[in-house]
Protein chains: 2
Amino acid sequence: MKSPYSAKIVQPDISLSICGYSKVLEIVSNKWTALVVYAMEDGVIRYGEIRRRIEGISKKMLTQTLRQLERNGLVKRVITPSVPPIVEYSLTRLGESLLGPMRVLNQWTKENYSLVEQARASYDQAYYEE
Amino acid sequence: MKSPYSAKIVQPDISLSICGYSKVLEIVSNKWTALVVYAMEDGVIRYGEIRRRIEGISKKMLTQTLRQLERNGLVKRVITPSVPPIVEYSLTRLGESLLGPMRVLNQWTKENYSLVEQARASYDQAYYEE
DNA sequence: CCGCATCCACTGTGATACTG
DNA sequence: CAGTATCACAGTGGATGCGG
């Protein structure tokens, strides 16, 4: 016989590998990924230019981030083997399709982030001062 | 005199602390956060029940995740000091306001994740086999 | 110009055991 | 029931220097 609590459980489980929330986040939630996507919103852009536009990103992390995005099919890389070489990046169609959802998140931030900061301040005050 | 490239730069820089994309992700991009929010979508829920619903989460991580959400003002915690104690969690209004954007992401996943998986497969094949 | 390799510090995560 | 404490470990991020 089951306990009264188990009867309340509608869905038996939520799994990391199944939840859609988690799957997108797995793709865009690295430290620099969102910024790199943001830098490519306007169209084709060169490696060095991305680097200049994003404050504080190292070559290593930029390369790593771009490779991941490329692997996930969100970014296209075109190499012109001149000397010195030219490497241009742009969003694929799939990458562009992510811009809509990203902008929705961005909008949420604009409207609500100050509330988050307030909440943090009052939480911290309650626990570390008083 | 400026180089021809620098003239292309519309926005001088993109910063982690300013970009809205990054700020939301900072809030929801931990491993379990999205799943916990998802578990609370239906309303008030007890600690133990969340734990039963999410596959593989440890007590430590659940507590840590809930505390962060609470600190950010997305989750409310109500303790009934009986023996044994009852602790109920629910989304705040602010937390609920995040559900819309999250569902948009979820929808994107449903429609596009298979493309991501395809891209990964062909990328990996190109680099590790051939 | 673009990127890789190496080394190191740090943090997020997990396993386990204990408590009011 | 709902946590806290401790330890161990893997992955991520950063600094630097080399290479095509």
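Note that these values count all heavy atoms, side chains included, but never hydrogens, waters or copies made by symmetry. In the text below, chain A, chain B and the rest are named by the order of the sequence lines, each starting its count at 1.
- Atom CD1 of B:I79 and atom C1' of D:dC1 are 12 Å apart (whole Å).
- Legend: residues meeting side chain to side chain donor-acceptor pair (under 3.5 Å) with B:E96, ordered by chain and number and at least two apart, are absent.
- In this structure, the side chains of A:W108 and B:I27 come closer than 4.5 Å at one or more pairs of heavy atoms.
- Between B:R46 and D:dC1 there is no side-chain polar atom (N or O) within less than 4.0 angstrom of OP1 or OP2.
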Tell me which donor-acceptor pairs under 3.5 Å the side chains of residues 85-93 of chain B have, and how far apart each pair is, sequence neighbours excluded?
{"unit_1": "B:Y89", "atom_1": "OH", "unit_2": "B:R67", "atom_2": "NH2", "d": "3.4"}
{"unit_1": "B:Y89", "atom_1": "OH", "unit_2": "B:R77", "atom_2": "NE", "d": "3.4"}
{"unit_1": "B:T92", "atom_1": "OG1", "unit_2": "B:G73", "atom_2": "O", "d": "2.7"}
{"unit_1": "B:T92", "atom_1": "OG1", "unit_2": "B:L74", "atom_2": "O", "d": "3.2"}
{"unit_1": "B:T92", "atom_1": "OG1", "unit_2": "B:L94", "atom_2": "N", "d": "3.3"}
{"unit_1": "B:T92", "atom_1": "OG1", "unit_2": "B:G95", "atom_2": "N", "d": "3.0"}

Using a cutoff of under 3.5 Å, can you pull out all pairs of nitrogen or oxygen atoms linking the protein to nucleotides 13-15 of chain D, with atom names and distances?
{"unit_1": "D:dG13", "atom_1": "OP1", "unit_2": "A:K31", "atom_2": "N", "d": "3.4"}
{"unit_1": "D:dG14", "atom_1": "OP1", "unit_2": "A:K31", "atom_2": "NZ", "d": "2.6"}
{"unit_1": "D:dG14", "atom_1": "OP2", "unit_2": "A:W32", "atom_2": "NE1", "d": "3.1"}
{"unit_1": "D:dG14", "atom_1": "N7", "unit_2": "A:K60", "atom_2": "NZ", "d": "3.0"}
{"unit_1": "D:dG14", "atom_1": "O6", "unit_2": "A:K60", "atom_2": "NZ", "d": "2.1"}

Step-by-step side-chain contact (heavy atoms from CB on, under 4.5 Å) determination, B:N106 to A:K23: CA-CA 8 Å; B:N106 196 19; A:K23 289 201 282 193; over 6 Å; no

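- B:Y47 has no side-chain polar atom (N or O) that falls below the 4.0 Å cut-off from OP1 or OP2 of D:dT4.
- Remark: B:S15 pairs with B:S17 by the side chain to side chain donor-acceptor pair (under 3.5 Å) rule, at least two apart or across chains.
- Mapping A:P85 and A:K59 onto DNA chain D by nearest heavy atom places A:K59 at the nucleotide closer to the 5' end.
- By the salt bridge (Lys or Arg N to Asp or Glu O under 4.0 Å) test, B:R51 is found to be paired with no residue, residues two or more places apart in sequence or in another chain being considered.
- A sub-4.0 Å separation between OP1 or OP2 of D:dG3 and a side-chain N or O of B:R77 is present.
- Between the CD atom of B:E49 and the P atom of D:dG3 there is a distance of 14 Å, given to the nearest Å.
- Taking the salt bridge (Lys or Arg N to Asp or Glu O under 4.0 Å) definition, one finds that A:E41 meets it with A:R103, sequence neighbours left out.
- For the helix from C:dC1-D:dG20 to C:dG20-D:dC1, the axis fitted to the five pairs at one end and the axis fitted to the five pairs at the other end meet at an angle of 50° (nearest 10 degrees).
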Could you list the donor-acceptor pairs under 3.5 angstrom formed between side-chain atoms of residues 29-37 of chain B and any protein atom two or more places apart in sequence or on another chain?
{"unit_1": "B:S29", "atom_1": "OG", "unit_2": "B:L25", "atom_2": "O", "d": "2.7"}
{"unit_1": "B:N30", "atom_1": "ND2", "unit_2": "B:Q68", "atom_2": "OE1", "d": "2.6"}

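- Taking atom CZ of B:R67 as the reference point, atom P of D:dA2 lies 12 Å away to the nearest angstrom.
- Pairs of residues two or more places apart, or lying in two chains, never qualify as salt bridge (charged side-chain N to carboxylate O under 4.0 Å, His left out) while including a residue from residues 106-115 of chain B.
- For A:Y21, the ring pair (Phe, Tyr, Trp, His ring centres under 6.0 Å) partners two or more places apart in sequence, or in a different chain, are B:Y38.
- In this structure, B:V104 shares a hydrophobic cluster with A:V104, the cluster being traced through Ile, Leu, Val, Met, Phe, Trp and Tyr side chains under 4.5 angstrom apart.
- If you walk DNA chain C from 5' to 3' and mark each nucleotide with an atom closer than 4.0 Å to a heavy atom of chain A, the marks span C:dC1 to C:dT6.
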